[in-house]
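Below is one structure, written out as structure tokens; the observations come after it.
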Number of protein chains: 2
Amino acid sequence: MRDEVTDSLLRAFLEEWAVHGYAALSLERVAARAGAGKAAIYRRWPSKLALAVDAVQKFGMVLTDVADKGALRNDLEAYLLMLRRALRHRLVRKILPDLYAEASRGSELAPVLKDLSVSRRRGGVSLIERAIGRGELPAVIDRELAMDMIPASLYWGMIVTRRRITRVQIQRQVDALVAGLQAI
Amino acid sequence: MRDEVTDSLLRAFLEEWAVHGYAALSLERVAARAGAGKAAIYRRWPSKLALAVDAVQKFGMVLTDVADKGALRNDLEAYLLMLRRALRHRLVRKILPDLYAEASRGSELAPVLKDLSVSRRRGGVSLIERAIGRGELPAVIDRELAMDMIPASLYWGMIVTRRRITRVQIQRQVDALVAGLQAI
DNA sequence: TAGCGTTGGAACGATACCGTTCCGACCTAT
DNA sequence: ATAGGTCGGAACGGTATCGTTCCAACGCTA
């Protein structure tokens, strides 16, 4: 199996996903965009879902852990800057919302999102646990809500309302989060 | 044109949208689900998009303004409870994320979301302006970020992570918002 | 009872896509 | 030079859907 054909197919798959959404994504168009034959797809993956799983994993939409920056606000800022970079990606900002929509309607893609969420949660959890360890947040904090709050506003601003979020606005979001996280 | 046929078609359209997403929504299946003929659809609407516009408007996914409750935290609580009720709706929680996904990829549906956003923004704006008027929030608040923050965490918790959000958790979100909104 | 509007369902001609199979051509290793 | 793996593209038999047109039947009104 030639690697460059595989890579082309994965890339074409993500491009088609970004344009049409997963539900209306056609493997025939994926093959055409990759300059390959459909046989080349079915030689590698048994189904559209298998391709999707592979594409998401290899594409690296997973957010990594944020290294300890010594203070909650610094960790939050690093995390939000990383998230902003990810959400600015031309493909991520179209595919991620579609993944959420698919999961909401109980699609076969729901497990893919679950895998993504597991790694993202790990990032959020360690950030919060470090803050608790430093005494910056109470140990009784509602961790679930905390992990909702951290990415939510930036996602909303960038994806739902499709605005550019400046560094100053990220600073403000950090301010709001530092204040808000004390309260839950 | 019989009203009951029109209503059946609109309802069937929303059901199919919830199941398949807009991109893969088939008018043939809509007609079948409504127990009507395709001609009945094309007699009323020239296109799938026209039907979508009508369906969203008549379905009332628009959030109404929250009446003045005398304090920011009361207004926020009322707003979030209303939002929770809307997002708990079996169809809303599947269609709204799909609308966001469609808009993200520059779909023909983007104007539909724009219309929804206009009315939702109005709700958020008045809530914030009232708080400023009462001196509960500074006049220099970043209004855009504020309106991101208000619905974002609840949306994230209910839609992205698909959890049930309790009244206690809404109270905590209100606490976080009251604290966080002071900071931006 | 008659007339008119509207109906559901099917057919139409068309395109699109699925998953599989095929085959001459290409590429690489021996 | 040869052999084997892989390729792109097309065909296959099939299903699905589009938007339009048609028509017998129904429902309602005069």
- Query: D/dG8, D/dT21, C/dT7: which one has an atom nearest the side-chain heavy atoms of B/Val5?
  - Reply: C/dT7

- What is the nucleic acid contact for B/Ala31, judged by heavy atoms within less than 4.0 Å: base, sugar-phosphate only, or nothing? nothing

- Message: Tell me the interatomic distance from A/Tyr42, atom OH, to C/dT21, atom C1', rounded to whole angstroms.
- Response: 13 Å

- Note on the structure: Taken to the nearest whole Å, CZ/B/Arg2 to P/D/dC26 is 11 Å

- Would you indicate whether A/Arg167, at its atom CZ, is surrounded by more than 12 heavy atoms from other residues, nucleotides or ligands within a distance under 6.0 Å? no

- Query: Between D/dT17 atom P and B/Ile41 atom CD1, what is the distance in whole Å?
  - Reply: 12 Å

- Given atom NZ of B/Lys38 and atom C1' of C/dG13, what is their separation to the nearest angstrom? 12 Å

- Item | From A/Val66, A/Ile170, A/Leu181, residue fulfilling side-chain contact (heavy atoms from CB on, under 4.5 Å) relative to A/Leu76 | A/Leu181

- Query: Between atom CH2 in B/Trp45 and atom C1' in D/dG19, what is the gap in whole Å?
  - Reply: 16 Å

- Item | Nucleotide C/dA16, atom C1' - distance to NE2 of A/His20 in whole Å | 12 Å

- Query: Does the ring of A/Tyr79 carry A/Lys69 above it, NZ/CZ under 6.0 angstrom from centre and within 45° of its axis?
  - Reply: no

- Query: Can you check whether A/Tyr100 and A/Tyr155 have ring centres sitting under 6.0 Å from each other?
  - Reply: yes

- Note on the structure: By nearest-nucleotide position on DNA chain C, the 5'-leaning member of B/Arg44 and A/Ser47 is B/Arg44

- Between B/Arg43 and B/Ser26, which is nearer to the 5' end of DNA chain D once each is assigned its nearest nucleotide? B/Ser26

- B/Glu28 CD to C/dA11 P: how many Å, rounded? 12 Å

- Item | Distance, rounded to the nearest Å, where A/Leu51 contributes CG and C/dC17 contributes P | 16 Å

